[in-house]
Structures are given as C-alpha cells and as structure tokens.
Amino acid sequence: MAYPRGVASSFSFRVNGVERAVDVEPDTPLLWVLREQLGLTGTKFGCGMALCGACTVHLDDQPVRACMVPVREVNGKQVLTIEGLAGSRPAPEGKAPEGTPPPLHPLQQAWMEANVPQCGYCQSGQIMSALALLRAKPTPTDEDIDAVMSANICRCGTYPRIRKAIHAAAVKMRTP
Amino acid sequence: MSGELSRRDALSVALLGGGAFVLGFSLPACGGGRAVMADEAARSGQFVPNAWIKVLPDGAVHFTLDRVEMGQGTTTSHVMMVAEELEVAPESIVVERADADRHYDNPELGFQITGGSTSVKASFLPLRKAAAAAREMLIGAAADSWGVPSSQCNAEGGVVVHIPSGRKAPYGTLTKLAAQRPIPNVAPKPREQCKLLGKGLNRVDTRPRVDGSGVYGIDVKVPGMLTAVILRPPAVGQKVHSVRDGAARKSPGVTHVVTLRGGGDATGGVAVVADTYWHARKGAEALLADSAVDFGPEPEDAPDSVAIGKELAERARGAGKPARLEGDFARAFGKAAKTVEAVYEAPHLAHATMEPMNCTAHVTEDRCEVWAPTQAPGLAREVAAHVAGMSRGQVQIHTTLLGGGFGRRLVQDFVAEAVELSKAIGKPVKVVWSREDDQAHDFYRPRSHHVLKGAVDAAGHPTAWFHRIVGPSIVSHVAGQWFYAMAPPWMPTFMAGLLGSSAAATFSSNVMSDDTSVEGAADLPYAIEHLRVDYREHDPGVPVGFWRGVGHSHNAFVTESFIDELAHLAGKDPYLFRRQLLGKAPRHLGVLDLAARKAGWHGPREKGLGRGIAVHEAFDSFCAQVADVSVEKGVIRVHRVVCALDCGFVVNPDVVAAQVESAVAFGLSAALKQEITLKAGRVEQTNFHTFPVLRMHEMPKVEVHLVDSREPPTGVGEPGLPPIAPAVANAIFALTGKRLRRTPLEAAWKAAT
C-alpha cells in the first residue's frame with residue numbers, strides 16, 4: 001500500500017502480544033513510535049544509522065534496527081521489545097501471587113547473575129540480539145557469539161560478561 | 001607529586017588570591033542539629049540523623065545517594081557501606097538520588113559532582129561513620145528503653161537484640177527515641193569485622209537495566225512536555241545570524257521555532273520544538289533543506305587539525321613552564337653514552353556516551369525544574385539558576401540514570417540550553433541531541449604534542465629524561481563554570497561568574513602549570529637522576545574537557561612507551577628495566593610484579609604474539625598491564641590483557657574488576673581506532689562509522705588481579721585506562737620492531753608500513 005508522504009496514516013500491529021494502533025507519518029521510524037506514541041522507552045536511541053544496535057527489537061521474530069524501520073513496514077506484523085521479555089515464558093510452578101513482578105526471561109536472569117550491565121544503556125539491544133542468536137543457535141560457540149553480537153556496541157566494555165551470560169542463558173534455556 | 005597542587009587546591013588558591021574567601025566545605029553528617037532531628041521524628045516518626053540516612057517507622061531504610069550512577073557501581077558500593085555499618089540487608093535499602101544541595105558536596109572535589117575516580121575514596125570514612133553513628137543511636141535507644149547497658153546489645157538485620165535476654169526491637173520501633181539522642185562519634189568497623197565490604201556482592205541496581213524500565217535522561221516524560229531538536233552552528237566560531245522559520249512551521253507537529261543565544265559553554269542555535277522528537281527532527285531538516293538558517297560567514301581562524309599539528313610542533317620549540325626539575329638534564333644528556341629523541345602525538349577524542357546528550361527543563365514564573373543525566377547536579381543548579389535568572393533555591397535538579405558519563409556530563413551546556421528554551425516558550429521541553437550533534441559538540445580530550453629525550457649510560461642505566469608537553473589546558477576552560485558551584489552559598493551567582501573568569505585568567509597567565517595537562521608525566525616514578533618535564537600551553541580553539549583518565553590518558557601512552565624505548569636502547573628486558581628504577585615506588589613495583597607474574601612474562605611466547613608491559617599511577621591507584629598482541633595483514637589484534645590493580649581497600653572486587661574491564665575496552669577503542677579531526681572548524685567524525693568503538697569480536701580476554709591492600713580505598717573508575725595504549729604499543733614493537741608514537745595505532749601502523 002502506498003501511503004502519502006508527510007501525512008499521518010493509521011497503522012496497527014502487535015507489540016509484546018498486544019494489538020496497538022497509531023496515527024503517524026509512514027516514514028516515522030519504529031524506534032520513535034515505540035518510544036513516544038507507545039511509551040515503551042526500553043528500546044534506545046544511540047546513533048540513528050543502524051550502527052550501534054541499541055534500538056534492536058524483533059519484527060516477526062527477526063532482529064531489526066528499529067531506528068531504520070519505517071512504521072509503514074510494521075503494519076500488521078508482530079513486534080517484540082525488551083519490555084515483552086519478562087513474563088514471556090511460562091512460570092515454572094503455576095501462577096505467581098497478584099502484584100509479583102513477572103519472572104525474568106532466562107537471558108535477563110543470566111544478565112543479572114553475571115552483573116553484566118554498567119551504565120546499561122546498550123543492554124536492551126544486547127539482550128534482544130542475544131535472544132535472536134539463541135533462537136538460531138541454542139548452543140552457540142564463541143565464534144557464533146562474535147558474529148552476531150559484534151553488531152551491538154557497548155561503550156562501557158561489558159563484552160566479556162555478555163559472552164559469559166549468553167553461555168549461561170543457553171544452558172538455562174535448554175533445561176526445561 | 002612534589003610541587004604539584006591538586007586541582008582543588010589550585011582553584012582555592014586562586015579564590016583566596018581574588019578576595020580572601022574561605023573555601024570551606026561542610027560534612028553532611030550533621031544535618032540540622034539535634035532539635036531538627038527530634039522535630040522531624042515527632043512530626044513524621046522518621047529518624048533522620050544526617051543528609052544520607054532515614055529510618056522510617058515501618059523499619060524501611062532510605063539512603064540518599066549523593067553520587068550519580070553512570071554504570072561505575074557507586075550505588076552498590078555505597079549501599080554496601082551503609083548496610084555494613086547500619087547492620088541492615090543491602091537489598092532492603094531503598095536508594096534515592098540526591099537533589100542538588102551543598103550538603104552533598106563531594107569532599108574530595110569541593111562541590112557536588114561525580115568524577116575524578118573519587119566516589120568511594122571520598123565517602124569511605126564519612127558515610128561509614130554516619131551509618132555507624134545511626135546504628136549506635138538505635139542501639140542506645142533500645143538499651144535505654146529496656147534499662148540495660150548498650151554494651152549488652154547488638155544490631156543485626158535491622159533489629160536490636162539484648163543478648164542476655166534475647167529481647168528484640170526492630171529499628172522501626174526505635175525511630176522516635178533514637179532521634180532524641182546526641183550523635184556520637186563512632187569509628188567504622190575494622191576490616192576484620194566486615195561482613196559485606198570486600199565481598200563481590202551482586203549489584204543492587206541491575207534489574208531496571210535488563211527489563212527496559214530504567215529511566216535515563218532521554219526517557220524522561222513530564223506532563224505537557226514538548227520535544228526539541230537544536231540546529232547548532234556547524235563550525236567552531238559561528239553563531240545564528242538569522243532564520244526563516246516558515247519551512248519548519250509548516251512541518252507536522254512543530255509548535256515553536258526559537259533562536260537560542262547560548263553562551264558559557266552552550267553553543268546556541270535554532271531550536272525546533274514539536275510534539276514528538278521525530279516531528280522536531282523533520283522540522284529541523286525542513287529548515288536545512290530550505291537553507292533557512294544563516295550561521296554567518298565561515299570563521300577566518302576556524303580550527304583545522306593539519307594546521308593545529310604544525311602549531312603544536314612550532315610551539316614545542318620554546319621552553320615551557322617547568323613541572324618537574326631535577327639535576328641538570330642538558331649536561332647529562334650532552335655527555336651521555338646513548339641517547340634517543342622522539343616526538344609523540346595524541347589526538348582530540350570524543351566521549352561518545354551511548355546515550356546522546358539531552359535535558360528536560362520546565363521553567364515557570366518562579367521555579368525551574370530540570371531532569372538531566374548530569375555528573376554534576378550542583379553545577380547544573382548553578383548554571384540553571386543563572387540562565388533562568390533565579391536564585392538557587394528556586395531551582396530543582398533531578399538526576400536521572402546516565403547512559404555513560406566519562407567526564408562529558410561534567411559540562412552543563414546541555415542543561416543551559418534546555419533551561420533557556422523552556423523559559424523562552426513557557427512550557428516544559430526536552431532537548432534531544434542526535435549522535436551527529438553529540439560528535440560535533442563535545443568537550444574533547446585535548447590534543448597534545450610531546451617532545452622526549454632520554455639517555456642511558458654505558459651500563460644501560462637511564463640517566464636523563466626530558467618531556468615537553470604542548471597542548472590546551474582543560475582547567476582554563478572549566479574554571480569559569482566550576483566557580484559557580486564551589487562558591488560559598490552566600491555568594492550571588494553573578495559574582496561567582498566573575499570570580500570564575502578571573503580564576504580562568506589566573507591559569508592562562510601561567511601562574512602555575514596545569515595539573516590536568518602534566519599529571520602522569522610530572523610525577524614520573526622512575527629513579528632517573530636528571531629530569532625535566534615542562535608544559536607549554538597552546539589553545540587551538542577547540543572546546544576541551546575531562547575525558548576518562550584526563551591527562552593520564554595521553555601521558556601514560558607517552559611515558560610508558562618512551563621508558564620502553566630507553567629499555568630497548570639499553571638492550572634490557574622492558575619489565576626488568578622498569579623494576580630497577582622503582583626502588584622508591586613500592587606500589588608501582590607491586591602491581592608491575594603482579595602483572596608480570598600472572599602474565600607469565602618470562603615464559604614462552606605464543607608464535608605471532610608480541611608482549612608489552614606498562615605501569616602507571618592515576619588518581620592515587622596503581623595499575624600495570626601486560627598485553628599480548630598480534631599484527632596480521634595489517635590488523636592489530638589484542639588477544640589478552642593481564643591487569644594488576646592496587647586501589648587500596650577493595651569494597652567490592654567484582655565491581656572493581658568490571659571497572660578495569662571497562663577501562664581497558666574504553667582505552668583500547670581510543671588506542672587502536674579513534675581520533676577527532678577538524679577541517680574548517682567542523683569535526684569530521686560524525687557517527688560510529690568514522691568514530692569506531694571496539695566491538696565484541698575485538699575485545700581481548702581481560703584478567704584482573706587486585707592487590708590485597710591495607711591502604712584506604714583510592715580511585716577505580718579511571719586508573720585501568722592509562723596503561724592499555726602503551727602496553728599495546730610496546731607489544732607491537734616487541735613483535736615487529738616498529739615503534740608507533742601516536743594514536744590511533746591502526747592509523748599509525750598504516751602510515752609506518
């Protein structure tokens with residue numbers, strides 16, 4: 001469908017399992033739609049040129065750089081952001097009591113156990129990239145990790161801990 | 001550091017010279033005296049013995065952290081210190097971030113800032129004493145209420161216990177009684193009794209960083225907020241002459257187009273304000289497409305890196321202000337057996353924090369509220385008050401999470417412009433910088449030019465060392481701003497500004513050599529009899545500021561490379577050569593030996609790998625590194641870095657190790673890949689493709705070995721950075737015989753081959 005440029009149109013898509021609708025110009029990057037129209041600020045702005053990976057989300061299960069995906073390409077599709085990870089896997093022992101925060105995804109758990117984040121600004125993108133890696137390669141080698149994770153910059157140098165956490169998460173995710 | 005004034009002392013000398021003020025600083029331990037404490041408890045039931053700690057009647061402990069958290073782990077280390085002395089579980093402490101308030105001045109630096117690797121060092125005694133005093137007051141309150149001596153009582157897990165009878169009183173039940181008591185002078189626990197300090201506790205603030213809930217400055221949203229993009233003058237020296245705003249006003253969502261004057265450190269520019277960031281951005285692009293903004297003519301003397309290089313080299317021909325003078329260099333050099341002379345260069349560098357600069361401000365008739373990822377809330381308040389035309393008391397600063405600091409967020413230009421804009425439009429507004437804005441309008445690590453001369457005698461002992469440093473002075477640039485925040489509270493903002501300018505002039509007139517330019521060079525630890533280190537200021541007009549490691553970031557590269565050159569001149573092993581010269585520097589020697597041992601310095605080398613070593617003291621800590629490096633088809637790859645760090649008492653070894661890993665990565669990005677160059681006043685490196693950052697596949701294995709020290713804690717955030725560049729350069733020499741004398745090393749290698 002051709003959307004008139006510079007004119008707001010309606011777009012709807014599922015974000016973290018919930019149907020959302022927005023009225024924005026079709027070339028508005030998904031990054032800014034998520035952050036501003038939908039109030040999901042966990043996905044970060046780092047470079048605007050798909051060089052740093054801070055804006056990584058999943059679009060129909062594929063990792064993409066949201067800063068360079070115009071919202072018109074998202075219409076009718078599924079988006080997964082960092083906010084959608086916690087509680088996204090079934091809890092091990094039934095439902096938790098009302099008011100408990102949703103259980104962290106094994107990746108997030110591994111990140112916490114390895115004390116990965118420093119400033120933390122790049123970490124949403126790192127985790128989303130790592131999720132894509134583990135879905136494609138449940139038992140990644142260090143070379144596999146290099147190949148995928150080299151797309152995400154960390155200014156604070158948490159790379160060794162990211163690597164360790166990915167290996168730990170892989171074990172967690174293989175264990176039912 | 002003989003003859004060297006610390007940064008803070010130097011500024012206070014200037015203040016005293018200017019008008020006989022006393023630069024005192026108050027410890028926040030005694031908030032407002034006993035009456036205030038008792039009144040608070042009567043009113044709210046809360047026990048608030050000082051500006052940091054609050055015990056609520058339900059037993060909750062609230063800790064006001066007066067440092068900013070930019071990933072370096074101050075939250076965790078400070079929570080541990082409080083938990084240890086107050087005897088509560090660290091995970092139970094609720095952390096609040098301090099507003100701008102003189103009670104929270106950093107005692108090391110004289111005002112409320114986080115930087116200089118000072119946080120734990122500065123807090124170690126005062127915070128622990130304050131928490132220990134609070135504990136004793138709670139114990140005393142329980143003991144009195146039971147009619148027993150305090151000595152029979154213990155505190156643990158937020159509960160006071162009377163040991164003989166087993167009677168218990170949770171802290172929450174004691175708040176009113178404790179608040180009646182005098183605040184005792186209590187020593188913190190001796191090391192041996194510490195249960196938490198010294199252990200690698202998990203960080204307490206990780207969750208918001210992995211679940212997307214953490215609020216960084218760029219994430220702030222306040223009711224009625226608009227968002228703005230600022231078109232800034234492209235070249236240093238330009239400013240807005242005129243603007244035709246029609247193209248922006250027609251753009252969807254745009255609400256205002258405002259010309260900002262800027263001033264101080266803020267560049268000024270044309271602000272395009274809209275309902276969303278993307279709308280503001282499109283509006284700004286429409287102005288550019290319409291050539292609607294006139295920034296005036298190209299400035300005549302716009303900074304240009306090629307020209308700057310020539311100027312620095314020319315300036316190096318004249319003598320500088322001496323920073324260290326021992327023996328008679330000229331004579332010793334003249335009659336030496338073997339000599340070497342070299343020129344080293346280090347470029348301007350950007351900070352490139354992952355979170356671009358941003359600030360949210362809401363200025364009304366009589367109040368100014370700011371949300372900012374700032375390293376200096378006290379400074380932010382002074383600058384905001386100045387720009388808003390208000391008194392300090394009318395300004396509130398909320399410090400958010402920081403997506404990296406590294407010294408960039410010590411300059412409050414990003415606060416000034418948001419305040420100016422909000423005041424102009426009468427609405428709350430968030431100013432968001434793009435990566436390109438961030439790259440172009442940084443306060444860069446200064447570029448420097450170094451001339452070195454060294455001599456060894458016939459036995460291979462170094463006898464003479466000359467080091468001239470030429471470059472801009474950071475202090476001249478920042479003294480003006482810092483005065484606002486360091487001035488006594490009764491001093492009006494405008495007067496602080498005047499004094500600030502005069503302090504800056506004091507430095508420029510070369511009354512004393514700039515500590516930040518010679519640190520790491522003037523305090524050379526090696527026992528060399530004839531030494532001359534001097535500094536010649538040259539300001540090419542590029543804005544400069546504090547970059548992680550500051551002067552050490554270039555001086556360690558230079559001095560640790562040149563001592564290596566002397567070692568090779570003498571035909572000696574670089575590790576043993578250094579060892580011999582560190583007889584009077586036991587802590588340097590300690591880390592040097594530890595790193596060499598852990599790296600297996602004397603052991604077999606893997607084929608194709610060169611090994612280099614470096615040792616350096618920065619911010620009172622000592623770090624040595626051994627790097628294993630390969631160079632294949634022109635690609636420099638660092639395989640492993642073995643680090644030894646002596647930072648005195650280690651509060652949390654895991655947090656410290658993480659900081660060393662971080663400093664190595666940050667330093668290696670610069671050492672291998674980064675430089676900022678200017679052409680016609682414009683910074684050429686606009687984003688991460690031309691200002692690259694080390695990536696996962698390039699990160700070496702890093703081993704961190706911490707010295708078990710009895711000394712008080714010293715700096716951790718920065719000291720791991722200075723040794724990496726020279727360790728790598730020395731390894732490259734060992735492997736290839738090519739001596740690289742400038743960074744980035746990848747470019748230097750290409751030029752040499």
Side-chain angles (χ1 to χ4, degrees), chain A residues 6-8 24-25 28-29 32-33 35-37 39-49 51-52 54 81-83 85-86 101 104 107-109 111-113 115-124 127 143 145-163, chain B residues 69-73 200 202-203 206-216 218-219 221 227 251-252 276-279 281-282 352-356 401-406 432 434-436 654-655 658-659 661-666 668-669 687-689 693-699 701-702:
Chain A
V7 175
V24 287
E25 289 75 22
T28 309
W32 295 105
V33 172
R35 289 180 57 82
E36 298 196 294
Q37 274 74 16
L40 295 166
T41 56
T43 306
K44 303 301 187 195
F45 172 56
C47 70
M49 270 180 78
L51 293 169
C52 77
T81 73
I82 188 74
E83 290 93 341
L85 276 202
L104 291 176
L107 262 172
Q108 293 169 312
Q109 195 58 45
W111 246 243
M112 289 195 56
E113 285 160 14
N115 287 299
V116 172
Q118 292 194 23
C119 88
Y121 193 77
C122 75
Q123 299 294 338
S124 298
I127 290 171
E143 286 72 32
I145 291 175
D146 281 350
V148 171
M149 302 305 294
S150 58
N152 287 71
I153 288 177
C154 172
R155 203 73 180 102
C156 299
T158 65
Y159 302 124
R161 291 169 186 245
I162 290 175
R163 186 186 300 279
Chain B
E69 175 64 69
M70 41 188 165
Q72 82 283 42
N202 270 6
R203 292 203 194 208
T206 302
R207 174 132 191 178
R209 290 167 171 80
V210 304
D211 69 6
S213 67
V215 179
Y216 296 82
I218 204 173
D219 303 323
K221 191 175 168 86
T227 305
S251 200
T276 65
Y277 171 76
W278 194 248
H279 281 158
R281 175 106 176 214
K282 293 306 258 187
T353 54
M354 276 313 294
E355 179 197 16
L401 289 183
L402 278 66
F406 313 122
V432 179
S434 64
R435 176 60 51 192
E436 288 80 8
D654 195 50
V655 169
Q659 280 305 285
E661 292 156 18
S662 177
V664 166
F666 197 89
L668 203 48
S669 289
N687 208 311
F688 291 123
H689 54 323
V693 174
L694 202 76
R695 292 172 182 268
M696 170 72 83
H697 64 293
E698 298 164 314
M699 181 74 191
K701 275 199 174 52
V702 179

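Note on naming: letters A, B, ... go to the chains in the order of the sequence lines (proteins, then strands), and numbering restarts at 1 for each one.
Between the A/N115 side chain and the B/R203 main chain, a donor and an acceptor come within less than 3.5 Å of each other. Remark: the backbone N or O of B/Y277 is paired with a side-chain donor or acceptor of A/E36 at under 3.5 angstrom. Judged by distance alone, with hydrogens and angles left aside, the side-chain atoms of B/D219 form no donor-acceptor pair with the main-chain N or O of A/G42 at under 3.5 Å.
Between A/R161 and B/E661 there is a salt bridge, with a side-chain nitrogen of the basic residue lying less than 4.0 Å from a carboxylate oxygen of the acidic one. B/R695 and A/D146 are not joined by a salt bridge, as no carboxylate oxygen comes within less than 4.0 angstrom of a charged side-chain nitrogen.
For B/R207, the parts lying near chain A are the backbone and the side chain together; criterion is any non-hydrogen pair under 4.5 Å. For B/K282, the part sitting under 4.5 Å from any heavy atom of chain A is the side chain, from C-beta outward, and nothing else. Proximity to chain B is absent for every atom of A/Q109, based on heavy atoms less than 4.5 angstrom apart. Of the atoms belonging to A/T158, not a single heavy atom falls under 4.5 Å from chain B. Looking at B/E436, the atoms closer than 4.5 Å to chain A (heavy atoms on both sides) all sit in the side chain, from C-beta outward. Of the two parts of B/M354, the backbone and the side chain both hold a non-hydrogen atom closer than 4.5 Å to a non-hydrogen atom of chain A. Neither the backbone nor the side chain of B/S251 has a heavy atom closer than 4.5 Å to any heavy atom of chain A. With a 4.5 angstrom heavy-atom cutoff, B/L402 touches chain A only via backbone atoms. Neither the backbone nor the side chain of B/S213 comes within contact range of chain A; no heavy atoms are under 4.5 Å apart. Heavy atoms closer than 4.5 Å to chain B are found in the backbone of A/A151, but not in its side chain. The parts of B/A352 that come within reach of chain A are both its backbone and its side chain, each placing non-hydrogen atoms under 4.5 angstrom from that chain.
Put simply, the side chain of A/R35 reaches to within 4.5 Å of the side chain of B/I218, judged on heavy atoms. A/I153 places a side-chain heavy atom less than 4.5 Å from the side chain of B/F688. Side-chain contact between B/V210 and A/M112 is present, with at least one heavy-atom pair separated by less than 4.5 Å. Considering only heavy atoms from C-beta on, B/N687 comes within 4.5 Å of A/L51 through its side chain. No side-chain heavy atom of B/Q72 sits under 4.5 Å from any side-chain heavy atom of A/Q118. Between A/W111 and B/T206, the closest side-chain pair of non-hydrogen atoms is not below 4.5 Å. Side-chain contact between B/M699 and A/P160 is present, with heavy atoms from C-beta onward closer than 4.5 Å. Side-chain contact between A/M49 and B/H689: present, with at least one pair of heavy atoms (C-beta onward) separated by less than 4.5 Å.
Aromatic ring pairs are classed by plane angle as parallel below 30°, tilted from 30° to 60° and perpendicular above 60°; the pair A/Y121 and B/Y216 is perpendicular.
Under the 6.0 Å distance and 45° angle rule, A/R155 counts as a cation-pi partner of B/F666.
Between A/C156 and B/S662, the shortest heavy-atom contact is O-OG, 2.7 Å. Smallest separation of non-hydrogen atoms from B/P252 and A/E25: CB-OE2, 3.4 Å.
A/E143 and B/H697 form no side-chain donor-acceptor contact under 3.5 Å, judged by distance and modelled atom types alone.
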